[in-house]
Amino acid sequence: GQLYDTWKDVMVELSQMPGGMYWRVINSREYLYQYATSAGKQQTKYVGPKTHGIEEKYRDFKQTKKDLEERCEGIEKRIKELAPAWRALRLPAIDSTAGKILRAFDLDNSVRQSVLVIGTYALTAYEVEAASSFSAGMDATEDLDFTLLFNQSNVDPDLPRRLLLILKEVDSSFIVAPSSPKTAVNRNGYRVDLLTDMASAQQMASARPWKPEALEGQEWLSRGNPVKVVLIDFQGWPAAISAPDPRYFALHKLWLSKRRGRSVAKATKDKNQAEALLKTIKDHMPHYPMDKSFLAGLPDPLRAYAADLTR
């Protein structure tokens with residue numbers, strides 16, 4: 001985790017710097033310009049005419065960028081050296097595409113706090129948090145699911161568009177699936193789905209072209225204390241993942257398993273995952289207690305499921 005955090009700090013610093021600076025001669029006088037690439041487009045900005053102060057700014061930029069790039073190179077070399085050892089330990093891992101997407105989202109300050117991973121990859125995060133593995137329903141998937149985090153006073157209908165731009169920086173072949181506006185898919189069929197709660201969806205009606213699907217109960221997944229861990233992808237690269245509070249995730253799964261119209265296969269999978277996670281919480285996650293205080297704060301639809309577990 002510390003190595004990843006150090007790498008992230010360097011990458012964030014680099015991302016906040018111009019991509020480069022250069023001198024341009026106009027009417028026999030030199031002027032400094034800088035450029036940066038955003039959303040695949042290069043933007044140029046005028047800095048100033050050549051003076052002692054501007055020259056010093058140019059030298060400071062070159063040295064700072066060189067130092068950061070060397071630090072990044074050193075950290076990435078260390079990550080590559082450690083990757084075989086991490087794989088040998090058989091630590092919980094995610095596929096490489098998911099790893100790239102999670103790293104990209106984590107590096108962007110404007111989206112980092114606004115998404116939680118749900119689905120199978122959330123269970124992987126809980127394994128890391130609990131330092132214990134469980135296998136019920138932990139089949140590999142070729143997709144990555146996110147739920148959007150909002151409170152009703154700051155719903156941002158532009159967030160899905162920004163997320164899609166970041167996806168395209170990871171893999172330019174990502175497009176919104178014509179048959180499903182909640183789904184972005186790349187040339188290899190890798191899917192990324194966006195979900196949100198019913199109230200937020202009403203304020204995101206204008207979201208284009210990626211539009212999250214509104215599902216009942218998604219608002220419960222934003223409660224409590226999210227799990228934030230660093231795990232590795234199949235190539236040995238670390239990636240940060242934020243997942244819902246495991247207690248709410250498990251109870252939401254139990255609730256889903258009883259929903260009318262839920263297919264037998266999905267309901268069975270939901271129930272198995274919930275029961276496996278609840279046992280893990282009880283045995284290995286004492287920092288997520290399901291005590292009277294927790295029960296008192298539960299939404300009514302979930303309280304009955306939790307009460308059964310604490311009797």
Side-chain angles (χ1 to χ4, degrees), residues 1-20 36-38 40 61-133 138 140-146 162-163 165-174 186-188 190 192 226-243:
Q2 291 181 342
L3 190 60
Y4 173 81
D5 288 341
T6 303
W7 173 82
K8 187 179 82 170
D9 289 344
V10 173
M11 292 298 291
V12 168
E13 284 189 70
L14 277 170
S15 70
Q16 293 171 347
M17 295 186 70
T37 301
S38 176
F61 163 77
K62 298 289 282 186
Q63 187 61 52
T64 301
K65 192 173 181 69
K66 179 175 179 291
D67 291 344
L68 288 171
E69 288 175 341
E70 288 177 351
R71 285 174 59 196
C72 184
E73 183 179 342
I75 295 168
E76 291 182 351
K77 181 181 178 181
R78 180 62 175 155
I79 290 173
K80 290 177 182 177
E81 290 172 349
L82 290 172
W86 289 334
R87 286 194 292 265
L89 291 171
R90 298 183 180 274
L91 299 172
I94 59 174
D95 73 76
S96 300
T97 301
K100 291 176 183 177
I101 294 169
L102 290 171
R103 284 190 291 274
F105 284 3
D106 193 40
L107 287 172
D108 193 301
N109 290 328
S110 72
V111 305
R112 182 188 309 143
Q113 305 297 327
S114 301
V115 292
L116 286 177
V117 174
I118 55 177
T120 299
Y121 291 119
L123 296 173
T124 306
Y126 301 144
E127 285 190 315
V128 174
E129 179 72 12
S132 175
S133 62
M138 290 286 289
T141 60
E142 283 300 319
D143 57 26
L144 183 58
D145 301 329
F146 292 96
R162 299 201 308 276
L163 290 171
L165 290 177
I166 298 171
L167 271 188
K168 286 181 170 292
E169 290 177 0
V170 172
D171 180 344
S172 61
S173 72
F174 270 109
N186 71 2
R187 64 168 65 90
N188 298 319
Y190 193 94
V192 182
V227 164
K228 298 180 180 180
V229 298
V230 174
L231 38 72
I232 61 170
D233 65 24
F234 292 157
Q235 294 183 343
W237 280 86
I241 183 169
S242 295

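- Take Thr64 and apply the side chain to side chain donor-acceptor pair (under 3.5 Å) test, not counting sequence neighbours, and it matches no residue.
- Side-chain contact between Arg103 and Asp233 is present, with at least one heavy-atom pair separated by less than 4.5 Å.
- Using a 4.5 Å cut-off on side-chain heavy atoms (C-beta onward), Arg71 and Leu68 make contact.
- Judged as a side chain to side chain donor-acceptor pair (under 3.5 Å), and not counting sequence neighbours, Thr6 has no contacts.
- Between Ile101 and Thr97, some side-chain heavy-atom pair lies under the 4.5 Å cut-off.
- Looking only at side-chain heavy atoms (C-beta outward), Lys100 and Trp237 stay at 4.5 Å or farther from each other.
- Under the 3.5 Å distance criterion, the side-chain polar atoms of Lys168 are matched with a main-chain donor or acceptor of Phe174.
- Not a single side chain to side chain donor-acceptor pair (under 3.5 Å) links Lys77 to another residue, sequence neighbours left out.
- Side chain to side chain, Asp171 and Tyr190 fail the donor-acceptor criterion of an N or O pair below 3.5 Å.
- In terms of the ring-ring contact (aromatic ring centres under 6.0 Å, His included) criterion, residue partners of Trp7 (sequence neighbours excluded) are, by chain and number, Tyr4.
- Ring-plane geometry between Phe146 and Phe105 is classed as tilted, the angle between the planes lying from 30 to 60 degrees on a 0 to 90 degree scale.
- Considering NZ of Lys80 and CD of Gln235, their distance stands at 10.5 Å, rounded to 0.5 Å.
- For Glu73, there are no side chain to side chain contact (heavy atoms under 4.5 Å, CB included) partners two or more places apart in sequence or in a different chain.
- At a threshold of 4.5 Å between non-hydrogen side-chain atoms, the residues Leu102 and Ile94 count as touching.
- Take Glu70 and apply the side chain to side chain donor-acceptor pair (under 3.5 Å) test, not counting sequence neighbours, and it matches Lys66.
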